[in-house]
Amino acid sequence: MARASWWYPASKRGWPVVLATTLALTACGQAQPPAAAALPATTAEAVATPVREPTRVDGTAADDGEPVGLPGGWVRDYLVTQYGELAQLVGTWPGHPVAAGLGEDAAEREVCARAAIGTADTPAELVAVCGVPDGAGHVTGALVDLFLLEADDGRAVAAARQHLTDYGSSGDVADVRVQRFGAALYGVMIEDGFTGQGITVGARSLLLPHAGGFREAATVRSSLEHPQAPDDALDLAFDLTVDDRDRKAPAWPLVIREHGEACGRYVDREYRLAFDPATGTWPVPAALQRDSCD
């Protein structure tokens, strides 16, 4: 399942309704985003679907020891309880979910991210299952199911699970990966974007386990292109890094480097986003959410 399409309805991020309308009209014309809008690379590497064991999660230093996950057979058995006998760790499978809470859409699904995040005493894994709905069009969101799996009496059980339908378009997203965000804090990063009213935006959404599910802890730009008159044009990239110098901190700050052409001049500036434990989020400043020079 190629991670190439990265459009989604503009209303997901609270953009004006006119953008959502424009996106729908653009989708009907089968238009594609310009090459300049390609998502920039981040410091977090995508987690590839493993053959037998989960991939090492990004953000784990050698002196922390290797994270401990679950046997592949346990994970596959759990997926069977959610999606039926065709579910597997490698490759795609068709059909409907068989468990409640995962929607009723028929789709081609696959494990799109999987990583060990536990310890020898408490092994655990984060697993993401991505699905392209049957008959998906340009404005069709992807199906993304997130699971935090733990060991219980010789099997995998879900300590948290979440069914998501509001990311991506053409039934797909740009990328899904597992990322470490603190001493024992792990989450999932989903990359997608949209084009509407002449604006092309790439975005990264950071989701953390919370209260038996997953919630969005921040959404930060990865790119912004708004071609206008030279003095009003925006062509920016936003590089994301996690400041993990304090390895024992419960949650690490995010560092966003904004660089490119903005409003007739070159800019290169850095923002530091501190984690707010009261809300469980990284508040994003208004300056990183603008879409014009005003």
Side-chain angles (χ1 to χ4, degrees), residues 1-9 12 23-24 27-28 30 32-33 39 46-55 69-116 125-150 155-178 187-194 205 207 209 212-214:
M1 190 185 306
R3 300 267 164 244
S5 175
W6 55 284
W7 295 39
Y8 64 82
K12 166 66 176 72
L23 174 60
C28 292
Q30 305 295 304
Q32 296 296 322
L39 294 171
V47 176
T49 301
V51 176
R52 292 185 177 84
E53 297 303 328
T55 307
L70 305 175
W74 292 13
V75 178
R76 194 264 172 180
D77 288 346
Y78 176 81
L79 294 179
V80 167
T81 69
Q82 306 298 296
Y83 302 102
E85 288 293 335
L86 296 180
Q88 54 188 319
L89 298 183
V90 179
T92 63
W93 69 86
H96 301 261
V98 298
L102 299 179
E104 300 180 353
D105 295 293
E108 193 80 4
R109 291 178 170 84
E110 67 173 346
V111 174
C112 52
R114 178 185 170 208
E125 289 191 20
L126 277 176
V127 178
V129 174
C130 299
V132 176
D134 293 355
H138 274 288
V139 296
T140 305
L143 305 175
V144 182
D145 299 327
L146 304 180
F147 304 95
L148 170 57
L149 300 182
E150 298 178 346
R155 64 192 179 101
V157 297
R161 66 198 289 268
Q162 190 75 43
H163 177 59
L164 304 168
T165 61
D166 49 0
Y167 297 96
S169 76
S170 298
D172 211 348
V173 290
D175 192 22
V176 180
R177 67 193 73 181
V178 175
V188 175
M189 185 185 301
I190 299 176
E191 295 198 35
D192 61 356
F194 72 85
S205 297
L207 295 103
F214 288 77

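In this chain, residues are counted from 1 in sequence order. As a basis for the values below, the full set of heavy atoms in this structure was taken, side chains included, without hydrogen atoms, waters or symmetry mates.
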Between [X] and [Y], is there a donor-acceptor pair closer than 3.5 Å when you use the side chain of the first and the backbone of the second?
X    : Y    : answer
R76  : A87  : yes
H96  : E104 : yes
S169 : H138 : yes

On a heavy-atom basis, which atom in [X] and which in [Y] lie closest, and how many Å separate them?
X    : Y    : value
A113 : R177 : CB-CA, 4.2 Å
V129 : C112 : C-SG, 3.9 Å
A107 : P133 : CB-CA, 3.7 Å
P97  : D105 : CD-O, 3.5 Å
G171 : V132 : O-CG2, 3.2 Å

Spacing of OG1 belonging to T140 relative to CG belonging to D172, to within rounding of 0.5 Å:
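Between atom OG1 of T140 and atom CG of D172 there are 11.5 Å.
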**Asked** In Å and rounded to the nearest 0.5 Å, what is the CZ to CH2 distance from R155 to W74?
**Response**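 Between R155 CZ and W74 CH2, I get 10.0 Å after rounding to 0.5 Å.
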Name of the residue among V176, L164, T92 meeting side chain to side chain contact (heavy atoms under 4.5 Å, CB included) with C130: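 Single side chain to side chain contact (heavy atoms under 4.5 Å, CB included) partner of C130 among V176, L164, T92: V176.
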* Using side chain to side chain contact (heavy atoms under 4.5 Å, CB included) as the criterion, point out the one residue from L70, L89, L126 that pairs with R114. =>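 That would be L89.
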ask   = Does a side-chain heavy-atom distance below 4.5 Å link Y83 with D145?
value =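 Yes, side chains in contact.
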Among residues at least two apart in sequence or on other chains, which ones pass side chain to side chain contact (heavy atoms under 4.5 Å, CB included) with Q82?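 Result, side chain to side chain contact (heavy atoms under 4.5 Å, CB included) vs Q82: Y78, A99, L102, F147, R161.
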How would you list, by chain and number, every residue that makes a side chain to side chain contact (heavy atoms under 4.5 Å, CB included) with V98, sequence neighbours excluded?
->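 Listed in chain order: nothing, the list is empty.
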Evaluation steps, side-chain contact (heavy atoms from CB on, under 4.5 Å), between L143 and T165: CA-CA 5 Å; L143 305 175; T165 61; 3.9 Å; yes
message = I'd like to check the ring pair (Phe, Tyr, Trp, His ring centres under 6.0 Å) partners of F214; sequence neighbours left out, ordered by chain and number.
response =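 Counting only residues at least two positions away or on another chain, F214 forms no ring pair (Phe, Tyr, Trp, His ring centres under 6.0 Å).
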* To do: List the steps, then state whether side-chain contact (heavy atoms from CB on, under 4.5 Å) holds for V111 with L79.
  => CA-CA 10 Å; V111 174; L79 294 179; 3.7 Å; yes
